[in-house]
Amino acid sequence: MLPSLDLDPVKTMMLILGGSAVAITALEGVLIARNRGPEAYDWKAFWTTIRINMWRALVEAIPMGAVIGVALPFGAWVYEHRLFTVPMDTWWGWVAMFFCTEFFYYWLHRTGHRVRWYWASHSIHHSGNQYNLSAAFRQSVTGKISGGFIFFAPQCFFGFSPNAVLISYGVNLAYQFWIHTDLIDKMGWMEGWLNTPSAHRVHHAANVEYLDANYGGTIMIFDRLFGTYVPEKQGVPIRYGLVKQVTTNSALKILFSEWIAIFRDVFRARRLRDALGYMFMPPGWAPDGQGLTTADLRREMAARTGSPTGVPPDELLDRHRRPHDAEADDLALKTAP
């Protein structure tokens, strides 16, 4: 008799969804290579993403608590002290959950680009130099360490159960899978309201005019409300990936280079204020004002070309790096936030 696999429904669902995502992503790669030529799809990057997810599976298999696995217990504690109770057996409860999840996801995502501590985890998602479905599941193994789950604690405080929050967040992320493609053009009236492939291409671009834009998960309403919505411009070639492109296919280097860069900078900081700045100021920040934040990049490009647009040349990026930073900073400089 074959031994039975003791898998709970959630793990079974995740395995099925994960396997399906890999199969669909591989099919997309085959179609792109067939229609655009073998060089149009980076299969080495695809297998790097697979290895990254193998590391993710290994980390997730570690018993809860060993990797600061406090998200669900923390959410349960907050829920016990909630202000209200939102009934999830009503239609309006799920509508409220949708907009509440989207609101807090927007701020989690925006913080992931504007605060270096969170960028250390989120930068992995932007490390691919091509924009395709593979990018959708290129994710960090250090999300629990960076503590992004705290952004969803207010939902529990306002009366949504941790399980409902988990389901809503999962649906939000599942929606985002299909928008990681350049095979779909603009989608008419949906642009500016829904998160579409066009809107998300802007988000993944390294062009300075596109940095720090389009943070929404499923809708663009909060981007429009808070001034971060930028439409894709016709005739403007997009260069994807980090501003300083990643050249390695080492999964471990991609996963941990930015963390190493942070700790290196903190260790060498001369003042506590500088150390905190290296951790919590925007990526590219430097205490002497000679860094390359998004604002700095736009200012530099405007000085060079007369317009805060385009992709910063390597000469500019290398000139602003200290000699001992060269390899580590390949992941320290950010992409399209």
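Annotation: the span from E28 atom CD to N132 atom CG amounts to 5.0 Å, rounded to 0.5 Å. Taken from CG in D223 to CG in D212, the straight-line distance is 11.0 Å, to the nearest 0.5 Å. In this structure, CD1 in I52 is found 11.5 Å from NE2 in H125, a value given to the nearest 0.5 Å. Put simply, CD1 on I184 and CD1 on I179 are 10.0 Å apart, with the number rounded to the nearest 0.5 Å. The CD atom of E258 lies 10.5 Å from the CZ atom of F263; values are rounded to the nearest 0.5 Å. The distance from atom CE of M187 to atom CD of E191, rounded to the nearest 0.5 Å, is 7.5 Å.
The two residues A275 and V266 make their nearest non-hydrogen contact at O-CG2, 3.7 Å. Residues P312 and V208 come closest through the heavy atom pair CG-CG1, 3.6 Å. Summarising the geometry of A206 relative to G241, their closest heavy-atom pair is CB-O, 3.7 Å, with the distance given to 0.1 Å. Looking at every heavy atom in both residues, S146 comes nearest to G143 through OG-O, 3.1 Å. Here the shortest heavy-atom pairing between V202 and P231 reads CG2-C, 4.0 Å. Scanning all heavy atoms of the two residues, the minimum distance from A205 to Y210 falls at CB-CD1, 3.5 Å.
Transitive grouping of hydrophobic side chains (ILVMFWY, heavy atoms separated by less than 4.5 Å) keeps V311 and V230 in distinct clusters. Tracing side-chain contacts under 4.5 Å through hydrophobic residues (I, L, V, M, F, W, Y), one reaches V95 starting from I221; they form part of the same cluster. F267 and M281 end up in different hydrophobic clusters when Ile, Leu, Val, Met, Phe, Trp and Tyr side chains are linked at under 4.5 Å. There is a path of hydrophobic side-chain contacts, each under 4.5 Å, that joins L242 to I124. Y175 and F222 fall within the same hydrophobic cluster, defined by Ile, Leu, Val, Met, Phe, Trp and Tyr side-chain heavy atoms under 4.5 Å apart, directly or through other members.
Remark: the H203 side chain and the H180 side chain contain no N/O donor-acceptor pair separated by less than 3.5 Å. In this structure, a donor-acceptor pair under 3.5 Å is present between the side chains of T49 and S134. R114 and T111 form no side-chain donor-acceptor contact under 3.5 Å, judged by distance and modelled atom types alone. Side chains of T218 and N195: no donor on one and acceptor on the other come within 3.5 Å. With no hydrogens or angles considered, no side-chain donor-acceptor pair links R110 and T228 at under 3.5 Å. At a cut-off of 3.5 Å, with distance as the only test, a side-chain donor of W259 or T142 sits close to an acceptor on the other residue.
Using a 30° and 60° split on the angle between ring planes, F280 and W117 fall in the tilted class, from 30° to 60°. Ring pair F226/F103 is tilted by interplanar angle, where 30° to 60° counts as tilted.
Shown here is W91, whose CH2 atom has no more than 12 heavy atoms of other residues, nucleotides or ligands within 6.0 Å. Residue R36 places its CZ atom among more than 12 non-hydrogen atoms of other residues, nucleotides or ligands, all under 6.0 Å distant.
Aromatic pair F104/F152: ring centres not closer than 6.0 Å. Checked against a 6.0 Å centroid threshold, the rings of H81 and F157 do not count as neighbours. No close placement of the Y118 and H122 rings is indicated, their centers lying 6.0 Å or farther apart.
Judged by a 6.0 Å distance limit and a 45° cone about the ring axis, R224 is positioned over the six-membered ring of W193.
Each of Q245, R138, K253 was compared with S127 under the side chain to side chain contact (heavy atoms under 4.5 Å, CB included) criterion, and only R138 meets it.
Under a 4.5 Å side-chain heavy-atom cut-off, the cluster of Ile, Leu, Val, Met, Phe, Trp and Tyr residues that includes Y79 has no other member. Y229 belongs to a hydrophobic cluster whose remaining members, ordered by chain and number, are M220; membership requires side-chain heavy atoms of ILVMFWY residues under 4.5 Å apart, directly or through intermediates. Grouping Ile, Leu, Val, Met, Phe, Trp and Tyr residues whose side-chain heavy atoms lie under 4.5 Å apart, directly or via other members, places I50 in a hydrophobic cluster with V22, I24, V30, I32, Y41, W43, F46, W47, M54, L133, F137, F177, L183.
Counting only heavy atoms from C-beta outward, the side chains of V86 and F158 never approach each other to under 4.5 Å. Taking the side chain as every heavy atom from C-beta outward, P313 and R304 approach each other to under 4.5 Å. Contact of the V236 side chain with the N207 side chain is registered, since non-hydrogen atoms from C-beta on lie closer than 4.5 Å. Contact of the R298 side chain with the L211 side chain is registered, since non-hydrogen atoms from C-beta on lie closer than 4.5 Å. Looking only at side-chain heavy atoms (C-beta outward), F160 and T101 stay at 4.5 Å or farther from each other. Counting heavy atoms from C-beta outward, Y169 and Q155 have side chains that stay 4.5 Å or more apart. Side-chain contact between D265 and M279 is absent, with no heavy atoms from C-beta onward closer than 4.5 Å. Counting only heavy atoms from C-beta outward, the side chains of F98 and S168 never approach each other to under 4.5 Å.
Judged by distance alone, the side chain of Q176 and the main-chain N or O of A136 form no donor-acceptor pair under 3.5 Å. Put simply, the side chain of W94 gets close to the backbone of M88: a donor and an acceptor are under 3.5 Å apart.
Pairs engaging residues 281-301 under the ring pair (Phe, Tyr, Trp, His ring centres under 6.0 Å) rule: Y278-W285 [sequence neighbours left out].
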Intermediate values then yes/no, side-chain hydrogen bond (donor to acceptor under 3.5 Å, both in side chains), T196 and S198: CA-CA 5 Å; T196 63; S198 175; 4.8 Å; no
Worked verdict on L317 versus L297 for side-chain contact (heavy atoms from CB on, under 4.5 Å): CA-CA 9 Å; L317 303 177; L297 287 168; 4.0 Å; yes
Candidate pair H204 and Y240, rule ring pair (Phe, Tyr, Trp, His ring centres under 6.0 Å), full reasoning: CA-CA 6 Å; H204 275 260; Y240 298 106; 7.4 Å; no
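Considering only residues two or more places apart in sequence or on other chains, L252 meets the side-chain contact (heavy atoms from CB on, under 4.5 Å) condition with W55, S250, F256. Residues that satisfy the salt bridge (Lys or Arg N to Asp or Glu O under 4.0 Å) test with D42, not counting sequence neighbours, are absent from this structure.
Electrostatic pairing of D314 and K244 counts as a salt bridge here, judged by a charged N lying under 4.0 Å from a carboxylate O.
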